[in-house]
Amino acid sequence: MAGVRGGNVRSVRPLQISGCRSECSWSATGSHLDDEPLFACAGCGSEWVPSEPWTPVDWTGTVPETVRAARHLR
């Protein structure tokens with residue numbers, strides 16, 4: 001089943017989205033979702049790919065460098 005997120009069609013699966021616990025720590029998973037690098041939050045398990053319209057930040061309020069680099073490449 002395909003879903004639409006951020007204007008793109010996802011053919012594999014939707015992203016995991018969980019409630020924030022203010023323990024955000026985003027990093028690359030080493031996996032890909034629809035040919036995009038997949039990132040996950042160690043605090044809640046939510047996932048993010050660069051085509052999403054939002055940008056994840058760590059608990060410190062800063063965008064992790066790996067997220068910033070992936071966002072820049074899209």
In the structure I gave you, are the side-chain heavy atoms of [X] and [Y] within less than 4.5 Å of one another anywhere?
X: Pro37; Y: Pro50; value: yes
X: Arg68; Y: Val63; value: yes
X: Val67; Y: Thr55; value: yes

Kindly give the heavy-atom pair with the smallest separation between [X] and [Y], and that separation in Å.
X: Cys44; Y: Gly19; result: CB-O, 3.5 Å
X: Val49; Y: Glu36; result: CG2-OE2, 3.5 Å
X: Pro64; Y: Pro56; result: CD-O, 3.8 Å
X: Cys20; Y: Cys24; result: SG-SG, 3.7 Å

Under 3.5 Å, side chain of [X] to main-chain N/O of [Y], donor-acceptor pair present?
X: Ser18; Y: Gly45; value: no
X: Glu47; Y: Gln16; value: yes
X: Arg71; Y: Trp54; value: yes

Handout entry: Stepwise side-chain contact (heavy atoms from CB on, under 4.5 Å) test for Leu15 and Leu38
Key = CA-CA 9 Å; Leu15 293 172; Leu38 182 64; 3.8 Å; yes
Practice task
Output the distance between atom CG (Asp58) and atom OG (Ser22), rounded to the nearest 0.5 Å.
Solution key: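 The CG atom of Asp58 sits 12.5 Å away from the OG atom of Ser22.
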Practice task
State yes or no: do Trp59 and Trp26 share one hydrophobic cluster built from I, L, V, M, F, W and Y residues joined by side-chain heavy-atom distances below 4.5 Å, directly or via other members?
Solution key: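 Shared cluster, no.
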